[in-house]
Trainee: 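Got a structure here, written out as structure tokens. Questions coming.
By convention in this document, chain letters (A, B, ...) are assigned in the order of the sequence lines, proteins followed by strands, and residues within each chain are numbered from 1. Any value given below was found using the heavy atoms of this structure, including those in side chains, with hydrogens, waters and symmetry copies removed. None of these values were measured; they are calculated from a predicted model.
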Amino acid sequence: MSLELEWMPIEDLKLPSNVIEIIKKRGIKKLNPPQTEAVKKGLLEGNRLLLTSPTGSGKTLIAEMGIISFLLKNGGKAIYVTPLRALTNEKYLTFKDWELIGFKVAMTSGDYDTDDAWLKNYDIIITTYEKLDSLWRHRPEWLNEVNYFVLDELHYLNDPERGPVVESVTIRAKRRNLLALSATISNYKQIAKWLGAEPVATNWRPVPLIEGVIYPERKKKEYNVIFKDNTTKKVHGDDAIIAYTLDSLSKNGQVLVFRNSRKMAESTALKIANYMNFVSLDENALSEILKQLDDIEEGGSDEKELLKSLISKGVAYHHAGLSKALRDLIEEGFRQRKIKVIVATPTLAAGVNLPARTVIIGDIYRFNKKIAGYYDEIPIMEYKQMSGRAGRPGFDQIGESIVVVRDKEDVDRVFKKYVLSDVEPIESKLGSERAFYTFLLGILSAEGNLSEKQLENFAYESLLAKQLVDVYFDRAIRWLLEHSFIKEEGNTFALTNFGKRVADLYINPFTADIIRKGLEGHKASCELAYLHLLAFTPDGPLVSVGRNEEEELIELLEDLDCELLIEEPYEEDEYSLYINALKVALIMKDWMDEVDEDTILSKYNIGSGDLRNMVETMDWLTYSAYHLSRELKLNEHADKLRILNLRVRDGIKEELLELVQISGVGRKRARLLYNNGIKELGDVVMNPDKVKNLLGQKLGEKVVQEAARLLNRFH
DNA sequence: GGCGCTGCAATATAGACAGCATGTC
DNA sequence: CTATATTGCAGCGCC
């Protein structure tokens, strides 16, 4: 894993001068060692490479050079795949530079989508693994022109949930040409072999990292830090995290603290904020952030109040309970060095680039949801992702990352396990029924009819051991046939119409089966029953149910005035899913009935980000259920589901459906208009002054124009 | 009886991808 | 087999 530290001057690149100009414009004069190494290994000649190196070591530029040189030489299109929407967005902005020399760049993902047909006009497409998988299933013509794939953050192969999709995308990408990028992994040679690529492994980082462990000294209020290079340091205070945070702040460094639960992230942030009077802050800049925070509509008022009091002291917390808008604001404030400390859950470990001089990893344990009372030590990969955030290029000479342990006895073990070890090897995650069945369905959808042998060969191209493939393959075929997702046509397997629909909707086959059974066995039912059915599927949103809450839900179950579409399960785990689904259904019902957001958040004890995610998932599932019911000719259900889908999406009663078509008009504004007698598009156009009065001059103007445009389109 | 305190017991616990219609990235 | 901060609640003394 060593390599000479060679820096190649940009001018030495065998690339056209206009390409070199663009790189130079970014202020880059020399390629850093990993970049140099990649070029020496034939990156520009289109050689297949697997590049493993720490985050922030300049992999994006390697991908850019790979793509551009490939496209210049071979024409066609290239696709850059990432595991996160936020990364897709980030890379899109970077790749935009290449439009200057004529390459058209687009991005497409679940939340920011370019129509499939339009993508044919672009040369470089940035997307997520799931979206690419989905695109392949839809088989657009232009996808055949794509001959170069960049697979970013390929270590997501190891993610139990997402890994199978990464793996199936990789199988098809490696039939063409690819460049794979990954965080450092231990079995990179094996993975490179699988990819048919040459490994390029480096540990080089733009800012050196020093890792350490902090533990309490016998003497109270004193903490000792031991670093990898055997240097030590002492800090004082009531709490290791706070003591070290303040120490770093006193030297003008920013701090990123990781905690293992949301509540701890919040309370740690609050504690740190109490000491911030000793830190010099840019008050004006902070009040600017507070002003922006006030303008964010997406967010609960409790969250916003708490964040405001923290941010005014230069501190913030960050976890997925917060809406995207709030998280973006916090990240940006930190990037601009106005916010000095962020206390986060693992949201910030992976994903967008947000380095800090000091990283404090507060917990190496994490509660295990599956086995009650059981605790896991976090994976080494996750530790490395967190510690790797230490050291910000341009601001810090060195990054420091420390792990908090309980006492001196733990120091050695933690040092050995986390600081000095290789990360876990990457293994196939296709070895589960859910993953494997979905995998086969996806292949048939993308490839069309295949013989058993052909289909099997696809599976053998995976990372899964052959014996396991054999086990799962037969079971999968049998199940898919029995449940009529696939059928036999001559010597081949083909998708049924139902199976094709399921593949296109991108829902899990088990989800589809549950929906089908639920709908076929019942007459049209109440909204709550549909929501409950969908929330109960494996694709349904997760939500935590408290103990008291569970009792209330069970009670409510007894005097429900509508019949649910799922039979009450006897098995304990299934039953708790059943109750969880009921909670999701109730939340969605309140949302659709226009219950105020703050009320929903406190009533169900969730954050604005949770609500958003839930709505997004249920929007997708109600849409899917609508289409499945059409496919199955269950028209009564279909009628109900169509309305349900529209109401879930916007969180509105049926009467507002027309008004929310206007962009810029959501549940709140539509209700305001409606209650003032503006009930349909025509009313908006006929009463422009009233609309402007209600919504404000500028917005009102836009809304009236938009309504007129919509009306015209209908006639 | 009501209030506040103490100390032990119970409780809770991370994250994030996907469809499609919009206009067009 | 392993954690820990927060919340809930019984029991108590005190006014």
Side-chain angles (χ1 to χ4, degrees), chain A residues 82-86 88-89 92-93 95-96 99 104-119 121-122 125-135 137-138 156 159 161-166 258-268 271 319-321 324 344-351 362-369 371-378 382 405-406 410 438 501-508 511 539 541-542 544-549 605 609-610 612-614 616-617 619-627 645-646 649 661 663 706 709-710 713:
Chain A
T82 86
L84 301 170
R85 293 171 184 174
T88 300
N89 201 33
Y92 171 71
L93 294 174
F95 271 86
K96 268 294 218 185
E99 297 207 324
K104 292 191 73 184
V105 184
M107 74 166 155
T108 178
S109 68
D111 65 349
Y112 203 60
D113 203 1
T114 303
D115 185 87
D116 293 6
W118 269 89
L119 288 172
N121 301 318
Y122 294 87
I125 295 154
I126 325 279
T127 188
T128 59
Y129 283 100
E130 281 80 3
K131 183 68 186 186
L132 176 55
D133 191 23
S134 164
L135 284 171
R137 295 174 182 206
H138 286 87
Y156 266 76
D159 185 306
E161 302 292 318
R162 318 271 309 280
V165 178
V166 178
F258 288 104
R259 304 290 338 236
N260 67 355
S261 77
R262 294 176 179 187
K263 201 170 270 169
M264 295 238 258
E266 290 173 26
S267 66
T268 302
K271 282 186 209 155
H319 59 60
K324 187 78 177 51
T345 56
T347 20
L348 281 181
D363 319 80
I364 47 168
Y365 293 105
R366 179 148 56 239
F367 177 77
N368 185 320
K369 276 182 197 160
I371 314 166
Y374 192 91
Y375 243 69
D376 293 324
E377 285 193 338
I378 57 169
E382 197 172 314
V405 299
R406 229 179 357 210
D410 286 341
T438 309
R501 204 78 189 90
V502 170
D504 283 352
L505 290 166
Y506 211 73
I507 53 177
N508 185 280
T511 294
D539 283 319
L542 294 170
S544 70
V545 177
R547 184 133 335 166
N548 285 331
E549 209 174 8
N605 191 24
D610 300 315
R612 250 69 214 188
N613 286 336
M614 214 176 280
E616 200 176 307
T617 302
D619 178 9
W620 166 50
L621 289 176
T622 48
Y623 179 88
S624 299
Y626 163 63
H627 278 280
N645 172 236
L646 296 172
R649 192 177 62 197
Q661 291 180 305
S663 67
E706 179 72 7
R709 202 182 60 80
L710 285 167
R713 222 185 40 199

Trainee: Is A/Arg406 near enough to C/dA3 that one of its side-chain N or O atoms lies under 4.0 angstrom from OP1 or OP2?
Mentor: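 For C/dA3, OP1 or OP2 has a side-chain N or O of A/Arg406 closer than 4.0 Å.
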
Trainee: Distance check: side-chain N/O of A/Ser261 vs OP1/OP2 of B/dA12, anything under 4.0 Å?
Mentor: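 No.
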
Trainee: If you check every side-chain atom of A/Ser267, which of B/dC17, C/dA5, B/dG15 has the closest atom?
Mentor: C/dA5

Trainee: Closer than 4.0 Å, any side-chain N/O of A/Lys131 to the OP1 or OP2 of B/dG19?
Mentor: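 For A/Lys131, the contact criterion (side-chain N or O under 4.0 Å from OP1 or OP2 of B/dG19) is met.
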
Trainee: Any N or O donor-acceptor pair under 3.5 Å from the base of B/dA18 to the side chain of A/Thr617?
Mentor: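 Indeed, a donor on one side and an acceptor on the other fall under 3.5 Å apart.
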
Trainee: Quickly work out the A/Tyr623 OH to B/dC20 P distance and round it to whole Å.
Mentor: 5 Å

Trainee: Taking the C1' atom of each, how far is C/dA3 from B/dA14, in whole Å?
Mentor: 15 Å

Trainee: Over all strands shown, is A/Asp504 touching base, sugar-phosphate only, or nothing at heavy-atom distances under 4.0 angstrom?
Mentor: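 A/Asp504: backbone/sugar contact only, no base atoms under 4.0 Å.
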
Trainee: Suppose we screen for side-chain hydrogen bond (donor to acceptor under 3.5 Å, both in side chains). Which residues come up paired with A/Lys324, at least two apart in sequence or across chains?
Mentor: A/Asp328

Trainee: Given the C1' atoms of B/dC17 and B/dT13, what is the spacing between them in whole Å?
Mentor: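 To the nearest whole Å, 23 Å.
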
Trainee: Give a yes/no on whether any side-chain N or O of A/Arg262 is located under 4.0 angstrom from OP1 or OP2 of B/dG15.
Mentor: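 So the side-chain polar atoms of A/Arg262 do come within 4.0 Å of the phosphate oxygens OP1 or OP2 of B/dG15, strictly under.
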
Trainee: Going by modelled atom types, is there a donor-acceptor pair between the base of B/dG19 and the side chain of A/Asp619 at under 3.5 Å?
Mentor: yes

Trainee: So if I take every side-chain heavy atom of A/Arg366 and compare against B/dC17, B/dT11, B/dA14, which nucleotide ends up nearest?
Mentor: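 For A/Arg366, the side-chain atoms sit closest to B/dA14.
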
Trainee: Does B/dG19 have OP1 or OP2 sitting under 4.0 Å from an N or O in the side chain of A/Ser134?
Mentor: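 It does, given that an N or O in the side chain of A/Ser134 lies less than 4.0 Å from OP1 or OP2 of B/dG19.
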
Trainee: Nearest 0.5 angstrom please: A/Ile378 CD1 to A/Asn260 CG, how far?
Mentor: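 Going from CD1 on A/Ile378 over to CG on A/Asn260, the span is 9.0 Å.
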
Trainee: Any base atoms under 4.0 Å from A/Ser109, or only sugar-phosphate, or nothing? Heavy atoms, all strands.
Mentor: sugar-phosphate

Trainee: Which of these nucleotides, B/dG23, C/dT7, B/dG15, is closest to any side-chain atom of A/Lys263?
Mentor: C/dT7

Trainee: Find which nucleotide of DNA chain C each of A/Asn260 and A/Lys271 is nearest to by heavy atoms, and output the residue with the more 5' nucleotide.
Mentor: A/Asn260

Trainee: Select base, sugar-phosphate, or nothing to describe what A/Lys104 touches, counting heavy atoms under 4.0 Å on all strands.
Mentor: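 Result for A/Lys104 = nothing.
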
Trainee: Check the distance between B/dA18's C1' and A/His138's NE2 and give it to me in whole angstrom.
Mentor: 11 Å

Trainee: Can you tell me how far C1' of B/dC17 sits from CD of A/Glu616, to the nearest Å?
Mentor: 9 Å

Trainee: Can you list the steps and then say if A/Asp410 with A/Ile364 is a side chain to side chain contact (heavy atoms under 4.5 Å, CB included)?
Mentor: CA-CA 11 Å; A/Asp410 286 341; A/Ile364 47 168; over 6 Å; no

Trainee: Using a heavy-atom cut-off of under 4.0 Å over every strand shown, decide if A/Arg547 touches base, sugar-phosphate, or nothing.
Mentor: sugar-phosphate

Trainee: Report which part of the nucleic acid A/Val165 touches: base, sugar-phosphate, or nothing (heavy-atom distance under 4.0 Å, all strands).
Mentor: nothing

Trainee: Pairing check on C/dC12: which nucleotide meets the Watson-Crick or G-U wobble criteria with it, both distances under 3.5 Å?
Mentor: B/dG4

Trainee: Taking atom C1' of B/dA16 as reference, at what distance in whole Å does atom CG of A/Asp159 sit?
Mentor: 9 Å

Trainee: With nearest nucleotides of DNA chain C determined for A/Thr268 and A/Asp376 from heavy-atom distances, which residue corresponds to the more 5′ nucleotide?
Mentor: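 Nearest-nucleotide comparison on DNA chain C picks A/Asp376.
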
Trainee: Test A/Leu348 against A/Phe258 for side chain to side chain contact (heavy atoms under 4.5 Å, CB included), laying out the working first.
Mentor: CA-CA 8 Å; A/Leu348 281 181; A/Phe258 288 104; 4.0 Å; yes

Trainee: Mind running side chain to side chain donor-acceptor pair (under 3.5 Å) on A/Thr82 and A/Thr88 for me, showing each step along the way?
Mentor: CA-CA 6 Å; A/Thr82 86; A/Thr88 300; 3.1 Å; yes

Trainee: Below 4.5 Å, heavy atoms only, C-beta onward: do A/Asp363 and A/Tyr375 meet side chain to side chain?
Mentor: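 No, every pair of side-chain atoms sits at 4.5 Å or beyond.
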
Trainee: What contact category does A/Tyr129 fall into here, base, sugar-phosphate, or nothing, at under 4.0 angstrom with non-hydrogen atoms?
Mentor: nothing

Trainee: Can you check the A/Tyr92 OH to B/dT24 P distance for me, whole Å?
Mentor: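 One finds 13 Å between P of B/dT24 and OH of A/Tyr92, rounded.
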
Trainee: Answer with base, sugar-phosphate or nothing: what part of the nucleic acid does A/Leu84 contact at a heavy-atom distance below 4.0 Å?
Mentor: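 Sugar-phosphate: the residue A/Leu84, judged by heavy atoms under 4.0 Å, touches backbone atoms but no base.
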
Trainee: With respect to the phosphate group of B/dG23, does any side-chain polar atom (N or O) of A/Arg709 fall under 4.0 Å of OP1 or OP2?
Mentor: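 Checking A/Arg709 against B/dG23: at least one side-chain N or O falls below 4.0 Å of OP1 or OP2.
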
Trainee: Considering only atom C1', compute the distance from B/dG15 to B/dT11 and round it to an integer number of Å.
Mentor: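 Pairwise C1' distance, B/dG15 against B/dT11, rounds to 22 Å.
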
Trainee: Using the closest heavy atom to pick a nucleotide of DNA chain B for each, name whichever of A/Asn548 or A/Pro83 lands nearer the 5' end.
Mentor: A/Asn548

Trainee: CZ of A/Arg501 to CD1 of A/Ile507: how many Å apart, nearest 0.5 Å?
Mentor: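 One gets 9.5 Å once the value is rounded to the nearest 0.5 Å.
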
Trainee: Please report, rounded to the nearest Å, how far the C1' atom of B/dA18 is from the CD atom of A/Glu161.
Mentor: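 Taking CD of A/Glu161 and C1' of B/dA18, I get 13 Å after rounding.
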
Trainee: Quick one: do the A/Asn368 and A/Asp376 side chains pair a donor with an acceptor below 3.5 Å?
Mentor: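 There is such a pair (donor and acceptor under 3.5 Å, judged by atom type) between the side chains of A/Asn368 and A/Asp376.
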
Trainee: Is any side-chain nitrogen or oxygen of A/Thr345 closer than 4.0 Å to OP1 or OP2 of B/dG15?
Mentor: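 Answer is yes, contact under 4.0 Å.
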
Trainee: Mind checking if A/His627 touches a base, just sugar-phosphate, or nothing, with heavy atoms under 4.0 Å?
Mentor: nothing

Trainee: Contact class for A/Ser624 (heavy atom, under 4.0 Å): base, sugar-phosphate, or nothing?
Mentor: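 If one applies the 4.0 Å heavy-atom cut-off, A/Ser624 turns out to touch nothing in the nucleic acid.
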
Trainee: Of all the choices, B/dT22, C/dT7, B/dG15, which nucleotide is nearest to the side chain of A/Ala320 once you look at every atom?
Mentor: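 So the nucleotide nearest the side chain must be B/dG15.
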
Trainee: So how far is it from A/Lys263 NZ to A/His319 NE2, rounded to the nearest 0.5 Å?
Mentor: 10.5 Å

Trainee: Choose from B/dC25, B/dG19, C/dA3 the nucleotide whose nearest atom is closest to any side-chain atom of A/Asn645.
Mentor: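 For A/Asn645, the side-chain atoms sit closest to B/dG19.
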
Trainee: Figure out the CD/C1' separation between A/Glu130 and B/dG15, and round it to whole Å.
Mentor: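 Result: 13 Å.
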
Trainee: Give A/Ser544 one of three labels, base, sugar-phosphate or nothing, depending on what nucleic acid heavy atoms sit under 4.0 Å from its own.
Mentor: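 Answer is sugar-phosphate: A/Ser544 comes under 4.0 Å of backbone atoms only.
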
Trainee: C/dA3 pairs with which nucleotide, Watson-Crick or G-U wobble, both distances below 3.5 Å?
Mentor: B/dT13

Trainee: For the side chain of A/Pro346, starting at C-beta, report the closest nucleotide among B/dG15, B/dA18, B/dC20.
Mentor: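 Nearest nucleotide to the side chain: B/dG15.
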
Trainee: Only pairs with both distances under 3.5 Å count, Watson-Crick or wobble alike; so what is the partner of B/dG19 in this structure?
Mentor: none

Trainee: Is there a donor N/O on one and an acceptor N/O on the other, under 3.5 Å, for the side chain of A/Tyr365 and the base of C/dA3?
Mentor: no

Trainee: Please state how far atom CD in A/Glu266 lies from atom P in B/dA14, giving the value in whole angstrom units.
Mentor: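 Checked: the CD to P distance equals 10 Å.
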
